[in-house]
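Here's the structure we're looking at; comments come further down.
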Amino acid sequence: MKILVAVKRVVDYNVKVRVKSDHTGVELANVKMSMNPFCEIAVEEAVRLKEKGVASEIIVVSIGPAQAQETIRTALAMGADRGILVTADNAEPLAIAKILQALVKKETPDLVILGKQSIDGDNNQTGQMLSALLGWSQGTFASKLEKTDAGFSITREIDGGLETLSLKLPAVVTTDLRLNEPRYASLPNIMKAKQKPLATMTPQDLGVDATPRTVTLKVTEPATRKAGIKVKDVAELVGKLKNEAKVI
Ligand code: AMP
């Protein structure tokens, strides 16, 4: 089984994001960038499927600037076999899904694994759009994935419990936080990853128009919260809620 995994390069989740002074976006200069955490989980799951003998090849795709190669190399060091970089800046989820659709046509994987969400855009759209474009089964927010004779059994965390679905292949799966704990790549594997194949192409090569359809008008910081106060006892708290906050 061939697996395609989509990985996005985003601002590292530990970085405190700052808005640019002209409000056109967030500051990216000299900011640590990493693989989107949900995409790390996607790579880890694919590697585990390969280790179990379920998968035979893992292809990692990233759409972004030339530096997204580093993100692909990280995935290769975790255990993926080869990478594809599609160079495009600020492509929107629909364009990303169309690019992935074109790559699916070219590479014919049986399973595509994506993160459920990118932590920068918070879109939560790409996996769903891709399965719609392909007409494939979809299992979103997977917290457990098991190979069955029919395809895969996937467990999803939903409000109030767990839902288990049976997916026929080919399928698109998106990962939730509790699916697995991604491994750290070892130094020998980081060195080996430098030799693994990495192809570069453009959206045009794949026949996709990745021109953005929306314009960001303004990005602003959230309003700063006022400092809280300490109260002596419940009577004072109730008094303040009643007379100052006027909420009771
Ligand atoms: P989103 O729909 O933007 O929240 O992203 C969901 C998932 O789609 C991510 O976790 C990735 O697996 C994939 N994805 C989104 N943008 C990209 C990108 N630029 N390159 C590769 N994969 C992406």
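Every heavy atom of this structure was used, including side-chain atoms; hydrogens, water molecules and symmetry mates were not.
- Under the 3.5 Å distance criterion, the side-chain polar atoms of Asn189 are left unmatched by any main-chain donor or acceptor of Ser186.
- For Arg156, the salt bridge (Lys or Arg N to Asp or Glu O under 4.0 Å) partners are Glu163, not counting sequence neighbours.
- Transitive grouping of hydrophobic side chains (ILVMFWY, heavy atoms separated by less than 4.5 Å) brings Val208 and Leu4 into a common cluster.
- Rounding to the nearest 0.5 Å gives a distance of 5.5 Å between NZ of Lys196 and CG of Leu76.
- The main-chain N or O of Ile58 is found under 3.5 Å from a side-chain atom of Asp81 such that the two form a donor-acceptor pair.
- The pair Lys50-Glu57 fails the salt-bridge criterion, with no side-chain N (NZ, NE, NH1 or NH2) lying under 4.0 Å from an Asp/Glu carboxylate O.
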Step-by-step side chain to side chain contact (heavy atoms under 4.5 Å, CB included) determination, Asp122 to Asn124:
CA-CA 6 Å; Asp122 272 352; Asn124 176 233; over 6 Å; no

What donor-acceptor contacts under 3.5 angstrom involve side-chain atoms of residues 237-248, with partners at least two apart or in another chain?
{"unit_1": "Lys240", "atom_1": "NZ", "unit_2": "Glu244", "atom_2": "OE2", "d": "3.2"}
{"unit_1": "Asn243", "atom_1": "ND2", "unit_2": "Gly239", "atom_2": "O", "d": "3.2"}
{"unit_1": "Lys246", "atom_1": "NZ", "unit_2": "Asn243", "atom_2": "O", "d": "3.0"}

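- For the pair Leu145/Leu49, a side-chain contact is recorded, criterion being any heavy-atom separation below 4.5 Å from C-beta on.
- Heavy-atom minimum distance, Ala80 versus Val47: N-CG2, 4.2 Å.
- Salt bridge Lys144/Glu45: absent, no basic N to carboxylate O contact under 4.0 Å.
- For Lys98, the salt bridge (Lys or Arg N to Asp or Glu O under 4.0 Å) criterion is met by no residue, not counting sequence neighbours.
- Applying the side-chain hydrogen bond (donor to acceptor under 3.5 Å, both in side chains) test to Lys32 and every residue at least two apart in sequence or in another chain returns Asp12.
- Val11 and Ile72 end up in different hydrophobic clusters when Ile, Leu, Val, Met, Phe, Trp and Tyr side chains are linked at under 4.5 Å.
- For Arg18, there are no salt bridge (Lys or Arg N to Asp or Glu O under 4.0 Å) partners, not counting sequence neighbours.
- The nearest pair of heavy atoms linking Ala55 to Ile3 is CB-CD1, 3.5 Å.
- Side-chain contact between Ile190 and Pro188 is absent, with no heavy atoms from C-beta onward closer than 4.5 Å.
- Using modelled atom types, no side-chain atom of Lys2 and backbone atom of Ser56 make a donor-acceptor pair closer than 3.5 Å.
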What side-chain donor-acceptor pairs closer than 3.5 Å can you find for residues 213-221, not counting sequence neighbours?
{"unit_1": "Thr214", "atom_1": "OG1", "unit_2": "Glu92", "atom_2": "OE2", "d": "2.5"}
{"unit_1": "Glu221", "atom_1": "OE2", "unit_2": "Val19", "atom_2": "N", "d": "3.4"}

Could you please spell out the steps behind the side chain to side chain contact (heavy atoms under 4.5 Å, CB included) verdict for Val172 and Gln128?
CA-CA 8 Å; Val172 174; Gln128 293 89 328; over 6 Å; no

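- Here Thr200 pairs with nothing under the side-chain hydrogen bond (donor to acceptor under 3.5 Å, both in side chains) rule; sequence neighbours left out.
- Residues that satisfy the salt bridge (Lys or Arg N to Asp or Glu O under 4.0 Å) test with Lys105, not counting sequence neighbours, are absent from this structure.
- At least one side-chain heavy atom of Ile119 sits under 4.5 Å from a side-chain heavy atom of Pro37.
- Side-chain contact annotation: Gln117 with Asn123, donor-acceptor N/O pair under 3.5 Å absent.
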One pair to check against side chain to side chain contact (heavy atoms under 4.5 Å, CB included): Glu44 and Arg183. What are the steps and the verdict?
CA-CA 7 Å; Glu44 176 65 35; Arg183 69 196 65 193; 2.9 Å; yes

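- Asn36 approaches Val10 most closely through the heavy-atom pair CA-CG2, 3.6 Å.
- With sequence neighbours excluded, the residues satisfying side-chain hydrogen bond (donor to acceptor under 3.5 Å, both in side chains) with Asp209 are Thr211.
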Side chain to side chain contact (heavy atoms under 4.5 Å, CB included) evaluation trace for Leu100 with Ile63:
CA-CA 9 Å; Leu100 293 173; Ile63 298 122; 4.1 Å; yes

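- Note that NZ of Lys116 is 13.5 Å distant from CG of Leu114, once rounded to the nearest 0.5 Å.
- Counting only residues at least two apart or on different chains, no side-chain hydrogen bond (donor to acceptor under 3.5 Å, both in side chains) pair has a member in residues 64-73.
- Distance CZ/Phe141 to CZ/Phe38: 9.0 Å, rounded to 0.5 Å.
- Here the CZ-CG distance, from Phe152 to Leu167, works out to 8.5 Å after rounding to the nearest 0.5 Å.
- The hydrophobic clustering, which links ILVMFWY residues whose side-chain heavy atoms are closer than 4.5 Å, places Val7 and Tyr13 together.
- How far NZ of Lys147 is from CG of Asp149: 7.0 Å, rounded to the nearest 0.5 Å.
- When every heavy atom of Ala142 is checked against every heavy atom of Leu179, the shortest pair comes out as O-CB, 3.5 Å.
- Contact check for Met201 versus Leu103: side-chain heavy atoms found under the 4.5 Å cut-off.
- The local environment of CD in Glu181 is sparse, with at most 12 non-hydrogen atoms from other residues, nucleotides or ligands closer than 6.0 Å.
- In terms of hydrophobic clustering, with Ile, Leu, Val, Met, Phe, Trp and Tyr side chains grouped at heavy-atom distances under 4.5 Å, Ile96 and Val112 are assigned to a common cluster.
- Asp176 places no side-chain N or O within 3.5 Å of a backbone atom of Arg178 that could act as its donor or acceptor partner.
- Counting only distance, with no hydrogens or angles, the side chain of Ser62 and the backbone of Lys8 share no donor-acceptor pair below 3.5 Å.
- There is a path of hydrophobic side-chain contacts, each under 4.5 Å, that joins Val231 to Val234.
- Taking 4.5 Å as the limit, some side-chain heavy atom of Pro182 sits within range of a side-chain heavy atom of Met78.
- When side chains are defined from C-beta on, Lys20 does not count as touching Val26, because their heavy atoms never get closer than 4.5 Å.
- For the pair Leu111 and Val173, the minimum side-chain heavy-atom distance is below 4.5 Å.
- Minimum heavy-atom separation, Ala42 to Ile113: CB-CG2, 3.6 Å.
- Across Gly115 and Thr175, no two heavy atoms sit closer than the pair CA-OG1, 3.4 Å.
- The hydrophobic cluster containing Leu94, built from Ile/Leu/Val/Met/Phe/Trp/Tyr side-chain heavy atoms closer than 4.5 Å, also comprises Met129.
- Here the side chains of Thr87 and Pro65 are not in contact, with every heavy-atom distance at 4.5 Å or above.
- Applying the side-chain hydrogen bond (donor to acceptor under 3.5 Å, both in side chains) rule to pairs touching residues 224-237 yields nothing, sequence neighbours excluded.
- Once rounded to the nearest 0.5 Å, the distance linking CG of Leu134 with CG of Leu130 reads 4.5 Å.
- Within the 3.5 Å criterion, the main-chain N or O of Lys168 finds a donor-acceptor partner in the side chain of Ser137.
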